[in-house]
Amino acid sequence: MERGTAVGKTGAVASVHLSTDSVSGPEGFGWWGDMVSRAVMPVSLASEHAHHFTGEVTMLELVDTEFSAFSFSPMSARRTPDHIRTSDPENYFLFLVHGSPIGLEQRRNNALLRAGDVALFDTSQPLACEFQDQGRHSRVSVLRLPRAAVPLPSHKTDRLVATPLPTRTGSGALLTSYLAGLRENAEHCGPSELRRLGTMALELAVTFLGAHLDSAPALPIESRRRVLLARINAFVDHNLHEPDLGPATIAAHHHISVRLLHALFEEEPETVSATIRRRRLEGSRTDLVDPRLRHRTIGEIADRWGFRHPAAFSRTFREAYGISPTEARSAPHA
């Protein structure tokens, strides 16, 4: 039986935390190998720390993808043709390195990845991975990309495996920032937020890979629309604190007209402005009921979420939720 603690589960979205803490001594490494084989893909593991191995992972089941944050004792992993014949989930995985360097080999490509680097690997091909021992846990964030959900030429995408993918500018910088934020904050998000975050993560990853293939023009029209919407939604979420955030600012940042921006949102449930207002209100309401933020005034919370005028914030909040910010803060919460 898989040992772990469910953090939360609603509908098709789940956040689950698993750890070797509940497994005694040497059994922990075997348990970890079984968990990786089920959650990621079958592999063979080896570690000099097998007798006192420790590890933990938080896994988020999102729409069409999963995001996992791993921390574990140094080890090595091998995936052989026999493993692939046994089980091939036909996935790509993008991973972001946070801690010690990782050596990765696949399709005759070799890479030494350091903190901040991003790389891709493929479950359908043999690989070797070495999590180097520098006296601390290895830490990686991993995003699953079903091959069927990646609208890029597979024969070109395959060439990217086990190569460092630059992330300092453009879609790479946005993707790494997004994944880091997802790792830190996803446990505090509700189901609807997680669904949106999962869609955005997948679209950002496709944009990132497409940029390295120079394949953006080859993307289907609907995929290009969804990619652009994902970029816009990520930009909105990262800039809700800016009072001047609005259609003109968003359009200028993405080098499109305001008219095109509004057209992109015609098939969405809300207009651009309504989306900004709702996400600001959701953020402020979450902060108001958070006991850890009791020291902040309502005005400070409003300002944090881009509401410049406290009176206007109180009026908008009451229109949305039927109570004032003060009443929301003082109401009993589970």
Side-chain angles (χ1 to χ4, degrees), residues 1-7 13-20 23 28-47 49-50 53-100 102-107 109 111 113 117-132 137-150 157-158 160-162 165 179 182-183 186 198 201-202 205 209:
M1 179 178 178
E2 192 165 87
R3 298 172 173 87
T5 303
V7 177
V13 183
S15 171
V16 178
H17 181 78
L18 301 173
S19 170
T20 57
V23 187
F29 187 60
W31 174 86
W32 185 261
D34 291 341
M35 183 275 296
V36 170
S37 292
R38 288 192 296 271
V40 183
M41 59 184 179
V43 290
S44 296
L45 303 181
S47 175
H49 304 272
F53 186 91
T54 59
E56 61 180 338
V57 56
T58 297
M59 297 183 291
L60 302 172
E61 299 176 19
L62 306 169
V63 176
D64 296 326
T65 185
E66 284 90 41
F67 174 81
S68 301
F70 288 89
S71 177
F72 49 88
S73 301
M75 65 179 190
S76 61
R78 299 288 185 274
R79 181 161 168 81
T80 67
D82 285 342
H83 289 125
I84 296 170
R85 284 190 290 270
T86 299
S87 175
D88 181 12
E90 298 187 356
N91 291 320
Y92 292 113
F93 281 90
L94 263 182
F95 65 96
L96 170 62
V97 182
H98 298 283
S100 302
I102 298 173
L104 179 64
E105 179 181 353
Q106 192 170 51
R107 278 183 60 96
N109 294 336
L113 307 161
D117 287 345
V118 166
L120 183 75
F121 69 83
D122 179 9
T123 65
S124 300
Q125 302 178 54
L127 66 79
C129 194
E130 186 74 31
F131 299 90
Q132 295 191 359
H137 269 196
S138 295
R139 296 173 57 243
V140 293
S141 295
V142 181
L143 182 69
R144 182 178 71 86
L145 307 175
R147 293 180 71 99
V150 178
T157 306
D158 287 348
L160 296 179
V161 300
L165 302 176
L179 293 182
L182 197 59
R183 180 185 180 108
L202 186 58
L209 294 174

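Predicted, not measured: the structure shown is a model, and the values here were computed from it.
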Measure the CE-CG distance between Met41 and Asp88 for me, rounded to the nearest 0.5 Å. 9.5 Å
Taking all atoms of both residues into account, what is the closest heavy-atom pair of Ser138 and Pro74, and its distance? OG-CA, 4.3 Å
Could I get the full list of side chain to side chain donor-acceptor pair (under 3.5 Å) partners for Arg144, not counting sequence neighbours? Glu66, Asn91
Are Phe95 and Phe70 close enough that their ring centers fall under 6.0 Å? no
Hey, does the side chain of Ser73 reach the backbone of Thr54 with a donor-acceptor pair shorter than 3.5 angstrom? yes
His17 vs Glu56, side-chain contact (heavy atoms from CB on, under 4.5 Å): CA-CA, chis, key distance, verdict: CA-CA 7 Å; His17 181 78; Glu56 61 180 338; 3.0 Å; yes
Let me know which of Pro89, Pro42, Ser87 forms a side-chain contact (heavy atoms from CB on, under 4.5 Å) with Thr123. Pro89
Side-chain heavy-atom pair Leu209, Leu145 within 4.5 angstrom cut-off: yes
I need the minimum non-hydrogen distance between Ser19 and Trp31, along with the two atoms involved. O-CH2, 3.5 Å
Nearest 0.5 Å, please: how far is CZ in Arg139 from OG in Ser71? 6.5 Å
When every non-hydrogen atom of Ile102 is compared with those of Val140, the smallest separation belongs to CD1-CG1, 3.3 Å
Partner residues of Thr80 under the side chain to side chain donor-acceptor pair (under 3.5 Å) criterion, sequence neighbours left out: His83
Can you tell me how far OG1 of Thr157 sits from CG of Asp122, rounded to the nearest 0.5 angstrom? 9.5 Å
Step by step, work out the side-chain contact (heavy atoms from CB on, under 4.5 Å) result for Leu127 and Val161. CA-CA 10 Å; Leu127 66 79; Val161 300; over 6 Å; no
How far apart are the closest heavy atoms of Gly28 and Thr20, and which atoms are they? O-CG2, 3.9 Å
What pair of heavy atoms forms the shortest contact from Leu104 to Ala162, and how long is it? CD2-CA, 3.7 Å
First locate atom OG of Ser44, then atom CZ of Arg78, and finally report the distance between them rounded to the nearest 0.5 Å. 9.5 Å
Using 30° and 60° as the class boundaries, would you call the ring planes of Phe131 and Phe72 parallel, tilted or perpendicular? perpendicular
Tell me whether Asp158 is salt-bridged to Arg147, with the criterion being a basic N under 4.0 Å from an acidic carboxylate O. yes
For the atom pair CH2 (Trp32) and CG (Leu18), what is the distance rounded to the nearest 0.5 Å? 8.0 Å
Please name all residues satisfying side chain to side chain donor-acceptor pair (under 3.5 Å) with Gln106, sequence neighbours left out, ordered by chain then number. none
Calculate, to the nearest 0.5 Å, the distance between atoms NE2 and NE2 belonging to His137 and His98 respectively. 15.0 Å
Please test Leu94 against Leu165 for side-chain contact (heavy atoms from CB on, under 4.5 Å), starting from the C-alpha separation and ending with a verdict. CA-CA 10 Å; Leu94 263 182; Leu165 302 176; 4.2 Å; yes
Is there a donor-acceptor pair under 3.5 Å between the side chain of Ser68 and the backbone N or O of Val142? no
